[in-house]
Amino acid sequence: MRALSKPPLNSPNQSGTPKRTCFILMHSDLKSLLASDSGLVKMLPEAHKWLESNGWTLVAKLYNRTKIVSILATMALSLKLSEMRSTMLAVTLLLEADITDHMVDSIADVIATKSLGKPSGLVEKLGSTTKFLTANNAQRAESTLALKLTSKTLVGVTTLLDAMRSKLANAPN
């Protein structure tokens with residue numbers, strides 16, 4: 001197991017008296033210890049069942065941070081050491097699940113906010129593109145009409161030139 005810090009178990013404090021120092025385990029180490037533990041509570045579903053079987057739930061009340069803190073405070077003030085261990089493990093799992101849910105909700109809110117902000121820009125771009133295409137279509141229609149008129153004019157000029165050529169070819173020299 002790796003620890004964030006491993007000071008000696010008994011180091012003197014500022015007044016020179018020894019004090020007990022605790023170190024914090026990495027999350028993966030805690031999960032490993034919990035999996036190999038012989039206790040009743042090892043996973044979140046077991047935590048719910050254990051707390052409910054020991055009277056820690058109120059009917060129709062969800063576990064939230066306030067409820068979890070209340071359970072911890074009550075446990076610290078009233079329970080025996082053997083009950084404390086299982087209660088602490090159960091509450092730890094609930095708190096971890098609540099923190100995860102809170103993080104997921106926060107991330108979902110950020111994604112939703114960003115996603116909802118994008119369509120307005122998209123609508124503006126679509127509107128601009130539609131105006132451009134409409135103008136482009138109108139210009140093409142005008143060009144097509146002008147081309148048709150030019151084509152009719154050229155047909156008339158070609159007919160006249162053909163008639164003049166025929167007259168010149170048939171004229172006596």
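Position 1 is the first residue of the sequence; numbering continues from there. What's counted below: heavy atoms across the whole structure, side chains too, no hydrogens, waters or symmetry copies.
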Would you say [X]'s side chain and [Y]'s backbone share a donor-acceptor pair under 3.5 angstrom?
X: Ser166; Y: Asp162; result: yes
X: Ser128; Y: Glu124; result: no
X: Asn136; Y: Phe132; result: no

Practice problem: Answer yes if Val104 and Leu95 sit in the same cluster of Ile, Leu, Val, Met, Phe, Trp and Tyr residues linked by side chain heavy atoms under 4.5 Å apart, and no otherwise. | Solution: no
Rounded to the nearest 0.5 Å, how far does [atom2] of [Y] lie from [atom1] of [X]?
X: Leu149; Y: Thr153; atom1: CG; atom2: OG1; value: 4.5 Å
X: Thr150; Y: Lys152; atom1: OG1; atom2: NZ; value: 11.0 Å
X: Arg165; Y: Leu168; atom1: CZ; atom2: CG; value: 9.5 Å
X: Thr144; Y: Arg140; atom1: OG1; atom2: CZ; value: 8.5 Å
X: Gln139; Y: Ser143; atom1: CD; atom2: OG; value: 5.5 Å

Self-check item: Result of checking Thr159, Thr158, Val157 against Leu161 for side-chain contact (heavy atoms from CB on, under 4.5 Å)
Solution: Val157
